[in-house]
Each structure stands twice: as structure tokens, then as C-alpha cells.
Amino acid sequence: MKPKVFLTRQLPPEPMKRLAEQADLTVNPHDRYLTKAEIIDGIRGVDGLLCLLTDTIDGEIMDANPDLKVIANFAVGYNNIDVAAATQRKIPVTNTPGVLTDSTADMAWALLMAAARRVAEGDRFVRTRQWGGWGPLQFMGTEVTGATLGLIGMGRIAQAVAKRAAGFNMPVIYWNRTRLSAADEQRLDVQYRSFDEVLRSSDYVSIHVALCDETRHLIGRRELSLMKPTSTIINTARGPVIDEKALVVALQDGTIQSAGLDVYENEPQLEPELYDMDNVVIAPHLGSATVATRTKMGNMAVENCLAVCNGNRPPNLVNPDIYA
Ligand code: 8YV
């Protein structure tokens with residue numbers, strides 16, 4: 001008998017096909033997020049739940065199906081799942097680490113370059129037929145080559161961002177809860193600084209921490225005020241790491257120069273001012289959005305989900321305590 005799986009949103013074709021072949025599958029029929037009530041309805045009687053970052057999975061949802069065997073997230077982050085509640089109920093939670101590292105690092109660079117060189121602003125200018133010809137003072141941006149890149153967090157994605165900085169001759173400084181080994185610092189050519197010092201000394205600050213209680217609003221008014229008035233902040237991590245209201249003020253009053261954002265405090269809503277600010281590049285949470293990456297993420301999530309449903313330990317377990 002095939003395991004029963006509930007999937008909260010269509011996946012790319014390859015993982016979708018695998019899942020449909022190997023599971024008795026029910027898929028959210030809508031092209032939108034499900035409500036909590038719909039998720040509760042969906043998981044009744046299934047073995048596995050394959051869900052997305054946009055699905056908040058709490059203890060109440062888990063209790064709707066006492067036989068739920070696994071919660072497989074289609075994301076590396078899992079701040080949408082109450083992992084403690086899952087562990088308490090002995091439900092394995094899985095994620096998709098590693099496969100989206102490069103695409104997310106690329107996106108951080110896309111935002112950095114776009115903000116520095118005013119690419120989106122220029123695009124709007126040309127499209128709206130305002131361009132009257134080349135001008136020596138037109139859309140002057142900020143130099144990228146040789147500027148200092150500051151990384152907040154130093155996990156897989158930050159390290160991939162750091163490697164790319166070599167091509168731009170950029171010194172890279174970082175802060176992380178735990179410092180890298182001297183060998184890793186040398187290999188990546190990065191230098192450790194205090195949190196405040198990274199903010200003070202960088203021309204570009206890129207955020208790469210997971211969202212948890214300690215990192216919510218890690219960057220607020222005080223932190224933004226430490227940054228250079230010519231600096232740019234990039235966020236491809238999680239929106240709530242930056243106090244978005246404080247960011248709007250800092251961008252309006254010249255505390256910092258610009259921002260490149262892929263994530264927001266209350267997605268898909270943004271602080272209203274952001275929509276109209278020319279010194280902000282805004283993307284709709286695209287970090288992992290390449291065909292190759294989303295296919296790998298889907299395959300990994302399917303593998304994790306089916307492994308548990310078929311009685312095996314999943315390759316990417318977030319809460320190993322449950323097997324202790
Ligand atoms: C996805 C992400 O775009 O994996 C993550 O944690 O933020 C991104 O890869 C999205 O979360 C897909 O569910």
C-alpha cells in the first residue's frame with residue numbers, strides 16, 4: 001500500500017511526478033495558500049504532510065491527525081513549523097538544506113548589484129519613456145568593486161556570498177554567533193568583527209541568519225544608525241530579522257542609502273512606503289527560485305517525506321531528538 005500524503009501546493013514537475021507515483025497523493029487544488037482549517041481537513045487520515053514556508057504548522061494542526069508520521073518542509077528554513085510541538089508528539093520534521101545555497105547567494109548579489117547601480121530605477125525610467133538621452137550625472141550609483149562587504153551570520157549561504165566577493169576585490173568582514181575556525185576564515189578570506197563593527201565598517205551589509213526569538217528585529221533603529229549613510233542593506237534571509245518600520249525611516253532620512261530586499265516582515269504585505277521608494281529594490285521572495293533549485297528542493301522534500309512514511313529515518317531531519 002502506498003503511503004497517503006497531503007501536499008499544500010503544487011511542486012515543480014519532476015518531484016510532483018515522483019510523489020504522485022510513490023504516494024497516494026492529495027494536492028491543494030487552489031493556486032493560493034491554504035487556510036488553517038483547510039490544512040486541518042487535508043491532513044486527516046494521511047501519513048505525511050509536505051508543506052511550504054507559507055504554511056504555519058502548529059500543535060493544533062498536528063493534533064488533527066494523531067497518526068501523522070512526518071512534516072516535510074519544502075524550504076531550508078523551518079520557522080513556520082512549531083518544531084518543539086512536533087518533537088513532543090514524536091513527529092519528525094525535515095527541511096531541504098544545501099541545495100538552495102548557491103541560488104540564494106546569487107540572489108543576494110543580484111539585489112546588491114541592482115541597489116548599488118540603480119538597475120530597477122533605471123529600468124522604470126526607460127520604460128516610462130522618461131529617458132531623453134545619456135547624461136554625465138544620470139543615475140550615478142555606488143561603487144561595488146573594492147567596497148567592504150559585511151555579513152551578519154556565516155552559515156552556508158553567507159559563505160557562498162563571501163566566495164563571490166573575491167571577484168569584486170571586496171574585503172569581507174562578518175559576525176556570527178560562533179566564530180569560524182582560523183582555517184575556514186583563511187579559506188574564505190573573511191575576517192571576524194563584533195556585530196556593531198560589521199555594521200559600522202561595511203559599505204554593503206547582507207543578512208544571513210535564521211529567524212528565531214534571538215534574531216527577530218536583530219536590525220532595528222540602533223543598528224541602522226551605526227551603518228554608514230552611503231551603505232546598503234541586503235536581506236535574503238527572513239523579513240522579521242529587520243524591523244521594517246525602522247528600515248523605512250532609515251531609508252527616508254538618509255541614515256542609510258539603499259536596500260535590496262527579497263523578504264519582508266509580513267509577506268506578502270510590505271510597509272506601504274516601501275512600494276514607492278526609489279532607493280529600495282524589492283523582489284517577491286525569489287531566493288531559491290530557479291528551475292534547477294526548486295526541482296532539487298522538491299526532490300529532497302519528497303525523499304524525506306516518503307522515507308518516514310515507509311518506516312525509514314529521513315536524510316534531512318531537523319529534530320533528531322525524536323529518534324534518541
Ligand atoms: C523558498 C526559503 O523560496 O528555503 C527557504 O527557507 O526561504 C526559500 O527557499 C521558500 O521558502 C519555499 O518554501
Side-chain angles (χ1 to χ4, degrees), residues 5-16 19 27-28 30-34 39 42 48-58 61 70-83 86 93-111 152-161 206-212 215-216 218 234-242 244 260-270 281-305 314-319:
V5 172
F6 179 59
L7 172 64
T8 62
R9 201 83 180 251
Q10 288 277 345
L11 297 175
E14 190 182 304
M16 198 68 219
L19 193 58
V27 191
N28 164 13
H30 315 287
D31 188 21
R32 61 158 171 84
Y33 309 143
L34 293 179
I39 298 178
L49 167 64
L50 205 160
C51 57
L52 315 177
L53 199 71
T54 42
D55 305 315
T56 302
I57 309 296
D58 59 14
I61 291 184
V70 59
I71 302 170
N73 216 26
F74 176 72
V76 62
Y78 43 85
N79 50 290
N80 58 311
I81 300 170
D82 185 341
V83 177
V93 175
T94 67
N95 68 341
T96 64
V99 290
L100 47 82
T101 302
D102 285 318
S103 53
T104 307
D106 290 346
M107 187 66 197
W109 274 96
L111 291 172
I152 299 292
M154 223 343 143
R156 278 181 288 253
I157 296 171
Q159 294 187 23
V161 170
S206 192
I207 308 296
H208 299 286
V209 290
L211 178 63
C212 57
T215 60
R216 196 171 292 275
L218 182 68
I234 307 297
N235 193 6
T236 51
R238 285 290 179 266
V241 174
I242 300 181
E244 207 166 284
L261 306 175
D262 191 38
V263 289
Y264 308 89
E265 265 205 84
N266 298 299
E267 291 174 19
Q269 302 300 323
L270 278 63
V281 180
I282 47 183
H285 200 144
L286 297 178
S288 64
T290 70
V291 175
T293 295
R294 288 277 166 88
T295 300
K296 284 185 206 155
M297 287 167 68
N299 284 338
M300 216 165 175
V302 168
E303 196 180 328
N304 282 317
C305 185
N316 310 103
L317 185 60
V318 163
N319 52 349

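Just follow the structure's listing: the first ligand is 1, and inside any ligand the first atom is 1. Positions are given from 1, in the same order as the sequence printed here.
For ligand 1, one of its N or O atoms has an N or O atom of Val76 under 3.5 Å away.
Looking only at side-chain heavy atoms (C-beta outward), Asp31 and Arg9 come within less than 4.5 Å of each other.
If you run side chain to side chain donor-acceptor pair (under 3.5 Å) between Asn316 and each of Asn95, Asn304, Thr96, only Asn304 comes through.
Nearest protein heavy-atom neighbour of atom 6 (O) of ligand 1: Arg238 NH2, 2.6 Å. At the shortest separation from atom 8 (C) of ligand 1 among protein heavy atoms lies Ser288 OG, 3.4 Å. The protein atom (non-hydrogen) at minimum distance from atom 13 (O) of ligand 1 is Phe74 O, 2.9 Å. When only non-hydrogen protein atoms are considered, atom 10 (C) of ligand 1 lies nearest to His285 NE2, 4.1 Å.
Heavy-atom proximity to Leu53, at under 4.0 Å, picks out these atoms of ligand 1: 7 (O), 11 (O), 13 (O). Of all the atoms in ligand 1, the ones that sit under 4.0 Å from a non-hydrogen atom of Ala75 are 4 (O), 5 (C), 6 (O), 11 (O), 13 (O). Contact atoms of ligand 1 toward Leu100: 4 (O), 9 (O) (distance under 4.0 Å to a heavy atom of the residue). The contact set between ligand 1 and Arg294, taken as ligand atoms under 4.0 Å from a residue heavy atom, comprises 1 (C), 3 (O).
Between the side chain of Glu244 and the main chain of Glu265, a donor-acceptor pair closer than 3.5 Å is present. The backbone N or O of Thr8 sits less than 3.5 Å from a side-chain atom of Asn28, completing a donor-acceptor pair. Checking side-chain atoms of Asn80 against main-chain N and O of Thr56 turns up no donor-acceptor pair under 3.5 Å.
The environment of Tyr78 atom OH is sparse: at most 12 non-hydrogen atoms of other residues, nucleotides or ligands sit within 6.0 angstrom.
Distance check: Asn79 CG to Arg216 CZ gives 8.0 Å after rounding to the nearest 0.5 Å.
Within the 4.0 Å heavy-atom criterion, neither part of Glu267 lies near ligand 1.
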